[in-house]
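For reference, the structure discussed in these notes is given below.
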Protein chains: 2
Amino acid sequence: MTYAPTWKSPITSSDRVLFEIQRAIVEGEIPAGSKISEPELARRFAVSRAPLREALARLERCHLIERTPNAGARVVTLSLEGLLSLYQLREELEGLACRLAAEHMPQQEIEEMQALLNKHLQSQRVREGESYYQEAGDLDFHYRIILGSKNPYLINILCDELYFLVRMYRVQMGMNGPRVSRAFDEHKAILQAIANRDGELADLLMRRHIGASRRNIEIQLETKRNSHEPN
Amino acid sequence: MTYAPTWKSPITSSDRVLFEIQRAIVEGEIPAGSKISEPELARRFAVSRAPLREALARLERCHLIERTPNAGARVVTLSLEGLLSLYQLREELEGLACRLAAEHMPQQEIEEMQALLNKHLQSQRVREGESYYQEAGDLDFHYRIILGSKNPYLINILCDELYFLVRMYRVQMGMNGPRVSRAFDEHKAILQAIANRDGELADLLMRRHIGASRRNIEIQLETKRNSHEPN
DNA sequence: CGAACCCGTATTGTCGACAATCGAGCGTGA
DNA sequence: TCACGCTCGATTGTCGACAATACGGGTTCG
């Protein structure tokens, strides 16, 4: 069995269009909830509708658009409920990824990650509170652990299908709260557990790491419900 | 947010072709590992290559085929390693599904499932040891619990992307061993926990239920490794 | 004799046009 | 006035043909 592709460089023109639209949707350049017009996008990216439709199929696969037969496609609409569902999943899946990574991740990859964390730590010390860089670092950290699990289905789901949606939520709903500062320490602890081949602990720490964000969302949802329903 | 479609009846001809090929692959009529010829399949199902390619894209999505750019598609090859990866995932995801179902599943759906289980129980009492019927019943049971979780991403992953692959493994690798007889009781216990709104217990029982099969696979893998490597 | 190169063939990726279907707006009738 | 049906326009689904790329066999050179 071959591992998930996870990132082919844009070979075919369908790939190119896919990447462009992905970026545009994630960054909100194509607004969430807006309808997608095949002829318009085809003109915009200077391709025929055939590769465009191929790209749309893959966008649906990573949950960035929703298609209904004979009625076209829409960019997904973001909601706290959706974000909560997403984090419920991530908590389980990335916990599993940690357990498997502790088992299967090669020593070399672990050391590379440790070096990476140290590099990020330096950067953060320089500019305290800078969140965006941490964003990239955080996603990269999770990304590598998932790859370390060596479970092709898990890799595919998290890196190919959910990754961009997570990024979209982060960019457009600004999920970079006060947790940023704590993330470094938690990452360090998780990686240490993996280095010690302690899968159970790594699992637990990762669930906590993501679960903290999840509970944040649940609180927001609660307050939203409380402020809307009584009206 | 809309729930995953999970089963549109074949509206477009692309859908029709998709379902036909899905069935053919799952049942082994198109052998595992064989190369897929677009022109041939297009002729066989009397459609153009456009809807066929759409169908292939969706087949890739549910892991029944693997495509490499400019080189075509192949039916997946089954392996114990792949099956193990699949069950590792299922254990986590369906455990989560149980926990969420205990929280969100409407009383009515629960009662429907209880009725269904009783019906299956009668059927099984009549023909002890009959496995195939149990197969369908088992998949249906899991299916409904997943839907009960009301988590659209979870539903999509398990029911749309992994479901057919599980079926394919069951049909072609004959995963219907001695566990069949125990499944009924375990199903009953899981459903009871959900009915009691005891998510934690339902989670635990489901993990055990799937974990038993998973350990079975691990044992087979172990014996395979032991008999091959020394040579 | 082996390996690298080249070329023909088949397959995949892409295109433009046609057919089928859906949504919007208007007109008609109760 | 409101509801229903209809027509028109636009969009999506499908088709056949063309272009680009990868595989296989044969040849040639070291």
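Quick note on labels: first sequence line is chain A, next is B, and so on, each numbered from 1.
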Quiz item: Looking at residues at least two apart in the chain, or sitting in another chain, which of them share a side chain to side chain donor-acceptor pair (under 3.5 Å) with B:R74?
Solution: none
Quiz item: How does protein contact run along nucleotides 13-21 of chain C, one letter per nucleotide 5' to 3', with B for base contact, S for sugar-phosphate only, - for none, heavy atoms under 4.0 Å?
Solution: BBBB----S
Quiz item: In terms of ring plane angle, is the pair B:H209 and B:H142 parallel, tilted or perpendicular, where the classes change at 30° and 60°?
Solution: parallel
Quiz item: Honestly, is B:R167 close enough over B:F164, meaning NZ or CZ under 6.0 Å from the six-membered ring centre and within 45° of the axis?
Solution: no
Quiz prompt | A:L56 CG to D:dT12 C1', straight-line distance once rounded to whole Å | solution = 11 Å
Self-check item: Interatomic distance, A:R74 CZ vs D:dT11 P [rounded to whole Å]
Solution: 13 Å
Quiz prompt | Pairing of B:E161 and B:R58 as salt bridge, 4.0 angstrom limit | solution = no
Self-check item: SB check A:R214 A:E91 (cutoff 4.0 Å)
Solution: yes
Quiz item: Do B:R225 and B:E81 meet the salt-bridge criterion of a basic N to acidic O distance under 4.0 Å?
Solution: yes
Quiz item: Just checking A:L52: base, sugar-phosphate only, or nothing, at a heavy-atom cut-off of under 4.0 Å?
Solution: nothing
Quiz item: For C:dC22, does either OP1 or OP2 sit under 4.0 Å from a side-chain N or O belonging to A:K35?
Solution: no
